[in-house]
Amino acid sequence: MKATSKEQTMGSTRRSVLLPGLRMARQRSGLTQHELSKLAGVGKGTVSELEAGRRGAYPRTIRRLAEALGTKVAELMK
């Protein structure tokens with residue numbers, strides 16, 4: 001099933017999840033967006049978009065971010 005334009009605009013599809021706790025977790029770790037993107041193997045633009053809530057992350061990306069930050073996935077979703 002294809003995402004509607006509203007879903008795309010809000011960064012939410014059936015497979016992606018918004019990460020409201022990402023910025024706080026990154027800041028607590030003392031990493032820049034660029035440093036986190038390198039550690040997690042994702043683009044800096046991805047980290048920026050996720051922190052701003054303009055898009056959601058897929059499970060694989062969420063796991064990579066949590067691992068790079070040394071935190072639990074649940075913390076990124078708070």
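Numbers here simply count residues along the sequence, with the first being 1.
- R55 places no side-chain N or O within 3.5 Å of a backbone atom of E49 that could act as its donor or acceptor partner.
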I would like to know whether R28 and L69 meet side-chain contact (heavy atoms from CB on, under 4.5 Å); could you show each step before the answer? CA-CA 9 Å; R28 268 195 312 265; L69 291 166; over 6 Å; no
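- Side chains of I62 and M77 form a contact here, defined as non-hydrogen atoms less than 4.5 Å apart.
- Scanning all heavy atoms of the two residues, the minimum distance from Q33 to E51 falls at NE2-OE1, 2.8 Å.
- In terms of modelled atom types and a separation under 3.5 Å, the side chain of E67 and the main chain of R64 share no donor-acceptor contact.
- Contact record, G56 with S16: C-CB, 3.6 Å, taken as the closest heavy-atom pair.
- L65 approaches A40 most closely through the heavy-atom pair CD2-CB, 3.8 Å.
- Proximity of a side-chain donor or acceptor of S48 to a complementary backbone N or O of G45 within less than 3.5 Å is not detected.
- Taking NZ of K44 as the reference point, atom NZ of K38 lies at 11.5 Å (rounded to 0.5 Å).
- Judged as a salt bridge (charged side-chain N to carboxylate O under 4.0 Å, His left out), and not counting sequence neighbours, the contacts of E75 are K78.
- Two residues are said to be in side-chain contact when any heavy atoms from C-beta on lie closer than 4.5 Å; L76 and L50 fail this criterion.
- Here the CD-CG distance, from Q27 to L22, works out to 9.5 Å after rounding to the nearest 0.5 Å.
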